[in-house]
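Convention: sequence-line order gives letters A, B, ...; per-chain numbering from 1. Both backbone and side-chain heavy atoms feed into the values below; hydrogens, waters and symmetry mates do not. Keep in mind it's a predicted model, so treat the numbers as computed, not measured.
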Number of protein chains: 2
Amino acid sequence: MKIGQLAQQTGTPVDTIRYYEREGLLPRAARTEGNYRIYDAVHLERLAFIRRCRSLDMTQDEIRVLLRFRDTPSESCEDVNALLDAHIGHVAERIRELQQLEKQLQTLRECCQEGRQAAECGILNELSHGGAELTTPAASESHLAATHAGGRQHVPPRQGGGA
Amino acid sequence: MKIGQLAQQTGTPVDTIRYYEREGLLPRAARTEGNYRIYDAVHLERLAFIRRCRSLDMTQDEIRVLLRFRDTPSESCEDVNALLDAHIGHVAERIRELQQLEKQLQTLRECCQEGRQAAECGILNELSHGGAELTTPAASESHLAATHAGGRQHVPPRQGGGA
DNA sequence: CTTGACTCTGGAGTTACTACAGGGTTTTCA
DNA sequence: TGAAAACCCTGTAGTAACTCCAGAGTCAAG
């Protein structure tokens, strides 16, 4: 099949497939005479695997490790467990951070009643002079990301996945 | 004061201060004869404001809006409230997403007992053929970011903030 | 044989910075 | 006084994981 079909069957944008190839997550595809990439079931499997990992918020590096395990099935899967445990740890930590953050934001929100002038807005004042509760950085030392997305994720929710 | 002092007093890397100037969050600093930037209390105030907002995980765009409110204090602060409410919404949503994700990861983790070979590793199998619970994308449609950081945040925890 | 759908490559843009290289300036202190 | 150390400058490139675009080629249908 061609790249468009693979894209549809896995719900992956075409650009992303080419990007994965550049990054080495997918092997270089064979080409037709007209220089079109052609894929088979093995590629589809592998891409689906990658996309499932990404939907679980794993990094490319984590996925690379898992793919290596998949490719060399003789080794023990202890390391797979370790990787997953670490990843679960990251997620749990990020949740804790965000919950703290939410509390801080709600505290801040209560500083301001409706209908005032910005000059006396409790929120702006609080942000300006800085209460003690607000000094803990959100994403501080950890390797965890911010609340907002950079270059949109896409990963669409089950579009044309079936046939 | 010079940029290094401002950096120390706000716990902001020097590069970041220059970056904020480029981005227009901070006004262009006046210069000495030797072309060094010089800052006063107003700059310090503004930078501290920005850093506090960032520690609350706000985007530059959100901060820009807040700064505009700060600069034109005659307007009502309803919009400040709205912005904050929206931001709290983002954080809450991200928390929900991550909690779902955590559950999925734990389910996945239980697929594999220690000491097996990777060939029959339950986790790899599950990721390969894809159980129904694993199909919901993590960061799907929302404008929210992933679990791992891209270009490290830094925002160090209270280094030399006092004097 | 033309239209339209599909594909190709290469490069730039996204967030919020960080990390240089290759210079200039100021301070220190012997 | 002179040199080294510490500081500052600009500009560029890199980070994660893509997305989007231009400009061109290929293919199927009518």
May I ask you to decide if B/T12's main-chain N or O and B/T16's side chain share a donor-acceptor pair within less than 3.5 Å? no

Could you state the CE-C1' distance from A/M58 to D/dC18, rounded to the nearest angstrom? 19 Å

Considering only NZ, NE, NH1 and NH2 on the basic side and carboxylate oxygens on the acidic side, decide whether A/D40 and A/R46 come within less than 4.0 Å. no

I'd like to check A/L67 versus A/I63 (side-chain heavy atoms, cut-off strictly below 4.5 Å). Are they in contact? yes

With a distance cut-off below 6.0 Å to the six-membered ring centre and an angular limit of 45° from the axis, does A/R70 pair with A/F49 as a cation-pi contact? yes

Look at the side-chain N and O atoms of B/T16 and state whether any lies under 4.0 Å from the OP1 or OP2 oxygen of C/dT18. yes

Nearest-angstrom distance from the residue atom CG of A/D61 to P of D/dC18: 12 Å

Say you draw a straight line from SG of A/C53 to CG of A/L25; how long is it, rounded to the nearest 0.5 Å? 10.0 Å

For nucleotides 22-30 of chain D, just jot down a letter per nucleotide in 5' to 3' order: B, S or -, based on protein non-hydrogen atoms under 4.0 Å. ---BBS---

Sidechain N-carboxylate O distance under 4.0 Å for A/R94, A/E97: yes

Ignoring hydrogens and geometry beyond distance, is a side-chain donor-acceptor pair present between B/Y20 and B/R54 at under 3.5 Å? no

Within residues 17-29 of chain B, residues whose heavy atoms come under 4.0 Å of DNA chain D: B/R18

Taking the nucleotide of DNA chain D with the nearest heavy atom to each, does B/V14 or A/R64 sit closer to the 5' end? B/V14

Tell me: CD of A/Q5 to P of C/dC6, nearest whole Å? 10 Å

Please confirm whether the shortest side-chain N or O distance from B/R54 to OP1 or OP2 of C/dC17 is below 4.0 Å. yes

Length of the CG-C1' vector between B/D15 and D/dC7, whole Å: 13 Å

State whether a side-chain donor-acceptor pair under 3.5 Å links B/R64 with B/Q60. yes

If you round to the nearest 0.5 Å, how far is CZ of A/R51 from CG of A/L47? 7.0 Å

Measure from CZ on B/R37 to C1' on C/dT25 and round the result to the nearest Å. 14 Å

